[in-house]
Amino acid sequence: MAVISKIIHSVCSWLGRHRLLAVFSILSLLIVLFIFIPLAKLILFSDKSELWQALLDPSVMQSILLTLYAALITAAIGFLLGVPLAYLLARNNFPLKGVVEGLIDLPIVVPHTAAGIALLFVFGRNFLLGKWFNAIGISFVDSLAGIVIAMLFVSVPFLINSAKDGFRKIDVRLENVARTLGASPWQVFYRVTFPLAWRSILAGTLMMWARGISEFGAVVILTYYPMVTSTLIYERFATYGLTQSVPVAAILVIICAFIFIGFRFVLQRDRKHD
Amino acid sequence: MAVISKIIHSVCSWLGRHRLLAVFSILSLLIVLFIFIPLAKLILFSDKSELWQALLDPSVMQSILLTLYAALITAAIGFLLGVPLAYLLARNNFPLKGVVEGLIDLPIVVPHTAAGIALLFVFGRNFLLGKWFNAIGISFVDSLAGIVIAMLFVSVPFLINSAKDGFRKIDVRLENVARTLGASPWQVFYRVTFPLAWRSILAGTLMMWARGISEFGAVVILTYYPMVTSTLIYERFATYGLTQSVPVAAILVIICAFIFIGFRFVLQRDRKHD
Amino acid sequence: MIELKNLHVKVADFLLEQVDLVVSKGEYTVILGPTGAGKTVLLESIAGLHALSHGEIILDGKDVTGTAPEARGVSIVYQDYSLFPHLTVKENIIFGLRVRHTAKPQIDEALHWISGLFEIQPLLNRLPASLSGGERQKVALARALITRPHILLLDEPLSALDAESREEMRSQLKTIHDKLNITTLHVTHDFEEAMSLADTIVVINQGKIAQVGPPAEIFYHPSSEFVARFTMARNIFSGKVIGRDTKSSVFRCDAIEIFASSDNTKAGFAVIRPEMLQLTAEKPILISNSFPGSVKTIVDKGANILVTVDCSPQFECLLPRQQFEHMVINTGSPVYISFLPSSVHLI
Amino acid sequence: MIELKNLHVKVADFLLEQVDLVVSKGEYTVILGPTGAGKTVLLESIAGLHALSHGEIILDGKDVTGTAPEARGVSIVYQDYSLFPHLTVKENIIFGLRVRHTAKPQIDEALHWISGLFEIQPLLNRLPASLSGGERQKVALARALITRPHILLLDEPLSALDAESREEMRSQLKTIHDKLNITTLHVTHDFEEAMSLADTIVVINQGKIAQVGPPAEIFYHPSSEFVARFTMARNIFSGKVIGRDTKSSVFRCDAIEIFASSDNTKAGFAVIRPEMLQLTAEKPILISNSFPGSVKTIVDKGANILVTVDCSPQFECLLPRQQFEHMVINTGSPVYISFLPSSVHLI
């Protein structure tokens with residue numbers, strides 16, 4: 001009894017002295033558990049044999065490979081187009097820069113179904129760009145190309161912002177010195193700027209890949225078939241109910257979590273490098 | 001002719017001297033237009049009278065109000081629980097801090113349908129917490145509560161990260177000075193720390209609100225009815241096709257864009273304040 | 001009064017070890033040390049902002065080792081002044097009274113007094129961002145002193161100022177200290193600043209106290225090679241004592257023998273401050289230490305000229321400008337270096 | 001050679017106006033000015049890193065106003081050295097040759113030469129993060145000089161160093177400059193640093209050139225009150241010339257009259273450097289400027305002692321330490337301040 005009362009007493013006195021910390025810790029714990037428990041339960045408590053079975057299901061496997069592949073293409077396109085934009089935003093001032101920066105972030109907050117509608121409105125067979133592309137045999141509806149543009153739209157902001165932060169962190173004077181030492185702007189970019197921003201760009205690319213894999217709202221509007229995994233989960237849930245969709249959801253969460261751990265790892269090493 | 005050749009000549013010489021800028025600008029323009037054109041077309045080129053008609057449709061109006069309301073409750077809960085967590089993460093070191101920070105970001109990359117499945121797996125009527133809450137009359141399936149937890153799960157990371165950055169930007173020495181001047185930890189928090197981080201917190205809250213409004217994947221799993229606007233767009237699209245869903249999508253994009261402009265505005269003023 | 005007993009603190013990469021120090025009531029003590037020596041950590045530990053690994057802190061006779069910072073009666077002023085950017089100058093200054101729920105008339109009275117003391121009445125309604133460096137510092141001091149703390153901790157208070165306002169604030173710090181008679185601990189890496197302000201100087205290096213004493217003692221009698229170097233004694237010769245008569249020791253270093261009126265026969269270093277050297281064209285008479293050499297470099301330091309003389313070992317000699325201008329010395333000129341045995345300090 | 005003709009540059013908040021300057025080939029020129037005077041902007045403009053609003057830059061007779069930075073043959077070394085953190089010391093140093101696609105044997109030869117010059121061979125395979133401040137600076141200089149630039153720009157190269165390595169690097173800068181005979185422009189806010197290094201000092205204030213001249217001229221004959229204040233002339237009295245005889249002018253200020261051997265009868269200020277004042281207990285004879293007063297404050301500055309004497313106006317007098325220690329002066333002591341008419345500068 002004496003021991004217990006002593007423990008209670010010391011906890012109380014700690015709370016007294018650190019009331020702010022105590023209250024904040026309790027509130028924080030609530031939100032951490034709210035995020036942790038569902039994911040943990042999905043991954044840890046779903047039946048292992050069911051997971052395995054789901055993996056062996058060819059339609060599941062196919063959709064996972066399709067998703068990973070489409071998201072990879074998306075990330076590559078994002079890399080090619082997003083890194084230059086990030087560099088311009090980080091280093092140059094130009095008219096409407098604020099508007100462009102705002103525009104880049106819009107896809108994060110715009111409802112993804114609405115984004116899908118907007119994309120269809122431009123890339124659909126009967127509209128604008130869709131018509132032109134159709135003429136050369138590329139369709140953005142119910143096709144890999146459709147998945148890619150849907151993923152690109154919602155995920156490229158993550159790469160651009162991460163790369164922009166990476167470029168911003170680099171002291172302009174390093175680039176200045178490189179110039180005075182005789183390097184052309186291209187040489188400065190590939191010998192100094194890009195290597196120094198590399199981790200941020202890589203982190204952004206991984207984040208973009210993961211976001212692409214996880215996209216549902218925009219993709220489902222443009223391309224129901226071939227089915228990405230998010231759509232598959234939704235269809236299984238709508239058709240067969242919760243238990244049938246859990247293993248697929250668990251697999252996808254695990255894949256994303258793995259990519260994401262890579263992303264955190266890159267970021268972590270980045271910080272140590274500073 | 002002389003004038004034209006002069007213009008061409010000067011453009012070419014500019015490109016020669018600024019090849020890096022020129023190439024980067026062209027690549028950047030592609031991605032900016034890719035984001036801009038669909039959104040612009042959705043908002044500007046959808047028929048105004050159809051927009052108006054859609055607004056007068058009671059089911060549309062109801063779903064918009066429900067969405068705004070649910071996202072507002074979500075943002076309030078996120079504020080209450082997320083700000084303390086952000087403060088702890090910004091100011092304290094504790095075991096597993098890196099893990100907690102990673103966990104907070106997971107909802108951004110986890111597929112939202114999978115997130116919905118995970119939430120249902122915990123909050124569903126037959127599971128764990130769902131059972132307890134059911135006993136006191138709260139159901140998370142096909143209810144406002146369900147919408148809220150789905151929105152909370154996917155949007156709270158934005159608030160936590162923004163608030164964390166805000167707290168981090170504050171020099172610890174300001175808090176130290178306040179302590180030595182006689183302020184208790186609570187007084188330091190509400191007189192110094194919170195006011196200084198206020199803009200970042202507000203920006204994060206707005207971002208969270210907008211993300212909540214735009215959520216589809218997680219909400220649709222937990223709560224198909226009552227229908228949030230994202231779901232309504234999807235249903236109209238699936239049932240009636242593109243043209244029927246465009247006006248609703250346009251309205252929702254406009255609402256999100258407005259909230260988002262507020263967010264950018266807050267951030268902008270924040271920067272000037274520094 | 002501040003008593004530190006066997007203090008050990010570890011904060012990130014900084015480590016304070018075995019700090020024992022007594023600062024008397026009302027004394028102006030300067031903690032002098034290079035960047036990264038742990039000076040700021042020491043101040044913050046006294047203010048209660050770091051947990052101690054070991055040791056005790058006693059302020060005015062009361063053990064405050066476990067006391068919260070807000071209950072210690074210790075004010076700290078940081079190098080960048082750390083004014084609350086969202087509060088006006090007035091709100092900044094009365095912050096300490098506000099959080100204590102002091103009554104309005106008393107707050108007004110204290111504000112009147114302190115803003116008169118620092119002559120900052122015209123600034124009261126401005127925001128910190130619009131103030132100059134010197135003004136910010138006055139506000140920071142006013143904010144620190146309005147709560148009438150027993151102890152004032154100053155963390156490099158002059159480093160962020162330009163040369164002119166630095167001189168002005170230096171004299172203001174001295175004046176305020178003398179007027180309020182408040183125990184003050186002032187941290188700096190600037191030797192000249194320490195000399196001009198301190199009653200006592202505490203030299204600190206790598207988290208440990210290297211020497212404690214009045215300025216003149218630190219200046220003339222550094223206790224270690226580190227202190228000698230850090231106080232720019234410049235002529236620090238390693239060697240050993242090879243003889244001793246009634247009045248002086250003989251210290252051998254390279255090719256020369258130096259007479260020193262010190263009885264430290266175990267010494268490994270002879271230190272002669274550059275101000276104490278005489279530089280003459282002719283060999284001086286009646287001085288026991290006098291060595292021929294040739295001028296190697298002449299560096300103009302404004303008020304003084306630093307002349308380096310090659311005579312194995314190399315001597316550095318600081319001449320007043322006027323004296324230098326009356327001599328005709330160029331690089332290569334043959335000269336004599338001479339100094340009194342009493343100017344030699346053996347450690 | 002550097003020629004700047006009517007340079008105007010605007011960068012963010014900094015504005016350079018009407019800068020005309022000629023730096024001869026091989027000269028060591030120091031640009032001296034307070035923080036925010038536009039010193040760094042000036043260097044960067046010469047290197048071609050800012051677009052000019054107006055004016056011309058001519059390097060070694062060639063107009064480079066529109067030339068890209070990489071084609072100017074100008075190297076810049078920043079205060080924090082700006083070493084590429086992802087490259088080893090060796091890769092940093094040979095960067096300038098690599099981007100020029102220099103052949104390997106020539107790179108090796110140049111590396112050998114420059115690393116010998118700076119004695120940094122042992123550092124070649126390390127990363128910049130592991131170097132000390134002094135080492136970083138040597139590497140930055142080696143990197144800047146390996147391309148054999150015509151002009152070397154140094155942006156506060158000594159500010160980031162502690163007192164000891166600062167002295168060492170100062171002499172190394174001088175040595176390197178003399179050895180390579182490279183036109184050098186060195187920016188600093190430290191008056192003493194400027195005095196000890198410069199062939200010519202350019203004083204700059206608020207984006208404009210305030211004075212150009214050799215160190216002694218800046219020191220003894222400041223052209224404006226600002227330059228006098230910035231070079232710590234301390235005794236700057238406002239007043240006017242009330243008489244003039246064959247040998248000297250009479251300058252009236254407050255209650256006293258000062259004899260000056262200057263013929264500037266329109267002067268508004270008399271400047272007497274504190275090193276030029278004599279402080280005596282007795283009234284000196286045969287000196288035209290001598291005023292009684294009493295000691296107000298005594299500030300120990302290490303090598304010198306600063307004594308403030310109240311005699312309307314207030315004089316500040318810098319005494320060599322040894323001289324001060326032989327006198328018996330305390331606060332309140334009656335003393336005489338005296339100085340030669342030739343020590344008075346009228347502006």
Side-chain angles (χ1 to χ4, degrees), chain A residues 20 24-25 27-28 30-32 35-39 41-42 80-82 84-85 87-88 98 100 102-104 106-107 109-114 117-122 124 153 156 185-186 189 207 210-211 213-214 216-217 221 229-230 233-234 237 242 245-246 249 252-253 256-257 260 264, chain B residues 20 24-25 27-28 30-32 35-39 41-42 80-82 84-85 87-88 100 102-104 106-107 109-114 117-122 124 153 156 185-186 189 207 210-211 213-214 216-217 221 229-230 233-234 237 242 245-246 249 252-253 256-257 260 264 268:
Chain A
L20 181 90
F24 275 26
S25 299
L27 292 173
S28 299
L30 283 176
I31 194 78
V32 170
I35 294 174
F36 177 70
I37 291 176
L39 294 176
K41 195 173 172 218
L42 184 68
L80 190 71
L81 303 180
L85 178 59
Y87 181 72
L88 291 184
V100 171
L103 187 67
I104 295 304
L106 257 184
V109 293
V110 155
H112 293 166
T113 43
I117 299 283
L119 285 170
L120 201 57
F121 209 29
V122 171
F153 189 85
V156 79
W186 283 106
F189 186 76
M207 185 95 176
R211 262 310 276 115
I213 291 170
S214 69
F216 170 55
I221 298 277
T229 318
S230 280
I233 293 169
Y234 177 69
F237 174 72
L242 186 59
S245 57
V246 162
L252 200 53
V253 166
C256 284
F260 182 69
R264 298 285 311 175
Chain B
L20 181 91
F24 275 26
S25 299
L27 292 173
S28 299
L30 283 177
I31 194 78
V32 169
I35 294 174
F36 177 70
I37 292 176
L39 293 175
K41 194 174 173 216
L42 184 69
L80 190 71
L81 303 180
L85 177 58
Y87 182 72
L88 291 185
V100 171
L103 187 66
I104 296 304
L106 257 185
V109 294
V110 156
H112 292 167
T113 43
I117 300 283
L119 285 169
L120 199 58
F121 209 29
V122 171
F153 189 85
V156 78
W186 283 105
F189 186 77
M207 186 92 175
R211 262 312 273 118
I213 291 170
S214 68
F216 170 55
I221 298 277
T229 318
S230 280
I233 293 169
Y234 177 69
F237 174 73
L242 186 59
S245 56
V246 163
L252 200 54
V253 167
C256 283
F260 182 68
R264 298 285 310 176
Q268 221 65 37

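These numbers come from the heavy atoms of this one structure, side chains and all, not from hydrogens, waters or symmetry mates. In what follows, every chain begins at residue 1, and chains take the letters A, B, ... in the order their sequences are listed.
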Residue part contacting chain B, namely of Val246(A), when any heavy atom lies under 4.5 Å: both

Phe237(A) versus chain B, the contacting section by heavy-atom distance below 4.5 Å: side chain

From CD1 (Ile31(B)) to CZ (Phe153(A)), nearest 0.5 Å: 10.0 Å

Ser214(B) side chain vs Val109(A) backbone, donor-acceptor pair below 3.5 Å: yes

Contact leader toward chain B among Ser28(A), Gly82(A), Gly124(A), where contacts are heavy-atom pairs under 4.5 Å: Ser28(A)

Options Leu39(B), Val100(B), Val253(B), ranked by heavy-atom pairs under 4.5 Å with chain A, top entry: Leu39(B)

Region of Leu88(A) that comes under 4.5 Å of a non-hydrogen atom in chain B: side chain

Which of Leu119(B), Leu106(B), Ile37(B) touches chain A most, by non-hydrogen pairs under 4.5 Å: Leu106(B)

Segment of Val32(A) engaging chain B (4.5 angstrom heavy-atom cut-off): both

Qualifying residues under side chain to side chain contact (heavy atoms under 4.5 Å, CB included), relative to Ala249(A), sequence neighbours excluded: Leu42(A), Ile233(A), Ala114(B), Ile117(B)

Residue list, ring-ring contact (aromatic ring centres under 6.0 Å, His included) with Tyr87(A), at least two apart or on another chain: Phe167(A), Phe189(A), Phe24(B)

Under 3.5 Å donor-acceptor, Lys41(A) side chain and Val122(B) backbone: no

Least distance between heavy atoms, Phe216(A) atom then Gly217(B) atom: CD2-CA, 3.7 Å

Interface moiety of Val156(B) toward chain A, non-hydrogen atoms closer than 4.5 Å: side chain

Choice from Leu252(B), Leu80(B), Ile221(B), Val110(B) maximising heavy atom contacts with chain A below 4.5 Å: Ile221(B)

Between Pro107(B), Ala210(B), Pro111(B), the one whose heavy-atom pairs under 4.5 Å with chain A are most numerous: Pro111(B)

Inter-residue atom distance Leu30(A).CG - Leu81(B).CG, 0.5 Å rounding: 5.5 Å

Thr113(B) side, atom OG1; Tyr234(A) side, atom OH - distance, nearest 0.5 Å: 10.0 Å

